[in-house]
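Here is the structure we will look at.
Because the structure is a prediction, the values reported are computed rather than measured.
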Amino acid sequence: SFMLITVGARAANLIAGRKRRMNRDWNGGSEIRLFSRGVLVTAAIWAVFPLLFFHELNGVDRTALAIMVSAMAGGSATVLAAARPLAIVYCGALLLPLSIMFLSTPGDDNLFLGVLGIVYFVVMAYASKVTHHATLTAMRLNQTNQTLLTDMDAVRRRTQRVNAELTIA
């Protein structure tokens, strides 16, 4: 139910964010910080989740939990890549507590899943670095292209004006 409250609060923030963006005093930096806080609260909830239920789950359920959490971490490494530290913290909050729970539980299967979770975290942290670089490069390239289009439009208008003057003369 705490997760449902968090999702509801984040949805309300999203709706209120639309109104805030219409305001001339809109501050993108504070919007990013507000979004980041919501992500971190969600990460904290997912970090606590395995601690609460891990010992009640059988081996198959634990494996299913590991698969689900790994899928969420993989997606977040890409989705949150523009804010690389946030992506790494979120992935770590999802993967590391569960991996530690696996490592602290006897059995080869648990040891394997614990080590696999930590290795996957390292891979996702590196993937977020690569995706972060690609995202920022794409954003910079888009900005450069927009500038070039604006400059090209100005040159086109100037050329049309000069052609019109030459036609009259």
Side-chain angles (χ1 to χ4, degrees), residues 1-105 113-114 116-147 149:
S1 68
F2 190 69
M3 181 59 96
L4 188 58
I5 292 169
T6 304
V7 169
R10 297 204 58 206
N13 181 46
L14 179 66
I15 292 167
R18 286 184 176 198
K19 292 178 185 173
R20 286 190 304 268
R21 281 191 297 275
M22 299 302 235
N23 187 351
R24 286 188 162 185
D25 297 338
W26 182 75
N27 184 342
S30 54
E31 289 293 323
I32 291 171
R33 285 188 294 280
L34 191 59
F35 174 78
S36 297
R37 282 188 214 123
V39 169
L40 293 174
V41 168
T42 305
I45 292 169
W46 280 110
V48 171
F49 182 78
L51 305 175
L52 297 175
F53 300 105
F54 187 83
H55 293 293
E56 296 176 17
L57 302 174
N58 63 30
V60 173
D61 292 339
R62 288 177 182 173
T63 304
L65 178 62
I67 291 168
M68 178 190 71
V69 167
S70 297
M72 290 171 50
S76 70
T78 303
V79 171
L80 299 172
R84 184 170 179 242
L86 187 62
I88 291 172
V89 168
Y90 191 84
C91 284
L94 263 64
L95 294 169
L96 296 178
L98 184 59
S99 296
I100 291 168
M101 292 296 292
F102 275 118
L103 291 173
S104 65
T105 304
L113 288 172
L116 190 62
I118 290 171
V119 169
Y120 189 63
F121 168 69
V122 171
V123 169
M124 288 298 96
Y126 181 75
S128 74
K129 176 184 175 187
V130 172
T131 308
H132 173 77
H133 178 72
T135 301
L136 291 184
T137 300
M139 291 168 70
R140 286 185 196 114
L141 184 59
N142 183 39
Q143 219 170 16
T144 302
N145 287 344
Q146 291 299 322
T147 302
L149 284 173

Which atom pairs, donor and acceptor, lie under 3.5 Å between side-chain atoms of residues 60-68 and protein residues at least two apart or in another chain?
| residue | atom | partner | partner atom | Å |
| --- | --- | --- | --- | --- |
| R62 | NE | F54 | O | 3.2 |
| R62 | NE | L57 | O | 3.2 |
| R62 | NH2 | F54 | O | 3.4 |
| T63 | OG1 | G59 | O | 2.9 |

Would you list the pairs meeting ring pair (Phe, Tyr, Trp, His ring centres under 6.0 Å) in which at least one residue belongs to residues 118-146, sequence neighbours left out?
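Listed once each, the pairs would be none.
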
Can you name the side-chain contact (heavy atoms from CB on, under 4.5 Å) partners of L34, sequence neighbours left out?
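With neighbours one apart ignored, the set is N13, R20, R37.
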
Among all residues two or more places apart in sequence or in another chain, which pass the side-chain contact (heavy atoms from CB on, under 4.5 Å) test with N142?
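Partners of N142 by the side-chain contact (heavy atoms from CB on, under 4.5 Å) criterion, ordered by chain and then number, come out as Q146.
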
Residues 76-86 side chain polar contacts: donor-acceptor under 3.5 Å, at least two apart:
| residue | atom | partner | partner atom | Å |
| --- | --- | --- | --- | --- |
| S76 | OG | M72 | O | 3.4 |
| S76 | OG | A73 | O | 2.9 |

Quick one: pull up CG in L40 and CZ in R33 and give me the separation to the nearest 0.5 Å.
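Going from CG on L40 over to CZ on R33, the span is 13.0 Å.
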
Could you pull out every donor-acceptor pair under 3.5 Å between side chains of residues 90-105 and any protein atom, sequence neighbours left out?
| residue | atom | partner | partner atom | Å |
| --- | --- | --- | --- | --- |
| S99 | OG | L95 | O | 2.8 |
| S104 | OG | I100 | O | 3.2 |
| S104 | OG | M101 | O | 3.0 |
| T105 | OG1 | M101 | O | 2.8 |

